[in-house]
Amino acid sequence: MGDPAGIGPEICIKALSIPSVYERCQPLVVGDAQVMAQAAGNMQSTLKINPIQSVKEALFEIGTIDVIDLKNVILSELRLGEVSAMSGNAAFEAVKKVIDMALAEEVDATVTAPINKESIHKAGHHFSGHTEIYAHFTNTVK
């Protein structure tokens with residue numbers, strides 16, 4: 001999902017509104033389902049958000065976005081476009097979760113949405129970006 005205060009949720013919604021995506025893969029989003037629902041509402045999207053806890057629960061249906069719901073954003077405290085520790089931590093946890101899922105072979109591939117490095121640092125995670133997070137948690141750091 002990327003940073004919940006950024007453009008990541010909207011990018012996910014736009015990408016998953018394209019039916020041909022479902023011909024190529026079985027997509028799901030990792031993040032906060034409430035944030036995805038809010039973004040869909042803001043965009044006046046007709047896509048449904050399906051909060052799930054595991055890949056086995058995913059529907060993989062056109063018109064529905066399956067979201068591994070980390071429930072890590074307090075929606076009333078979310079300020080779109082603003083740097084915050086909460087958003088940084090949510091983005092970090094989503095990236096960490098997809099890495100764990102890939103390493104456990106629950107998913108075949110991962111794609112990341114934009115994160116805000118300042119927010120991630122504010123949350124106490126000291127990585128320069130996605131690449132460094134992936135390198136650290138996949139033990140590919142030299």
Side-chain donor/acceptor pairs under 3.5 Å, residues 39-48, sequence neighbours excluded:
unit_1, atom_1, unit_2, atom_2, d
Ser45, OG, Leu47, N, 3.1

Are any non-hydrogen side-chain atoms of [X] and [Y] less than 4.5 angstrom apart?
X: Ile52; Y: Ile68; answer: yes
X: Leu70; Y: Val30; answer: yes
X: Val73; Y: Gln34; answer: no

Shared ILVMFWY cluster between [X] and [Y], side chains joined below 4.5 angstrom?
X: Leu59; Y: Ile65; answer: no
X: Met36; Y: Met86; answer: yes
X: Leu78; Y: Ile120; answer: no
X: Met101; Y: Ile115; answer: yes
X: Val95; Y: Val55; answer: yes

Side chains of residues 103-111: which donor-acceptor pairs under 3.5 Å do they make with residues two or more places apart or in other chains?
unit_1, atom_1, unit_2, atom_2, d
Thr110, OG1, Tyr134, OH, 2.7

Within the distance-only criterion (no hydrogens, no angle test), does the side chain of [X] pair as donor or acceptor with the backbone N or O of [Y] below 3.5 angstrom?
X: His130; Y: Ala113; result: yes
X: Asp66; Y: Leu28; result: no
X: Ser87; Y: Asp3; result: no
X: Asp69; Y: Pro51; result: no

### Message
Just to verify, what does His125 make a ring pair (Phe, Tyr, Trp, His ring centres under 6.0 Å) with, not counting sequence neighbours?
### Response
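Listed in chain order: Phe92.
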Considering non-hydrogen atoms only, spot the tightest contact between [X] and [Y] and give its length.
X: His136; Y: Phe127; result: CB-CE2, 3.5 Å
X: Ala85; Y: Ala123; result: O-CB, 3.3 Å
X: Ser84; Y: Ser119; result: N-OG, 3.2 Å
X: Tyr22; Y: Pro27; result: CE2-CG, 3.5 Å
X: Asn72; Y: Ala90; result: ND2-CA, 3.4 Å

Pairs where residues 73-101 contributes a residue and the test salt bridge (Lys or Arg N to Asp or Glu O under 4.0 Å) is met, not counting sequence neighbours: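 Passing the test, one end in residues 73-101: Lys96-Asp100.
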Would you list the atom pairs, donor with acceptor, under 3.5 Å between side chains in residues 8-21 and any protein atom, with sequence neighbours excluded?
unit_1, atom_1, unit_2, atom_2, d
Ser17, OG, Lys14, O, 2.7
Ser20, OG, Arg24, NH1, 3.4

- Item | Partners meeting side chain to side chain donor-acceptor pair (under 3.5 Å) with Asp32 (sequence neighbours left out) |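 Checked Asp32 against side chain to side chain donor-acceptor pair (under 3.5 Å); zero matches.
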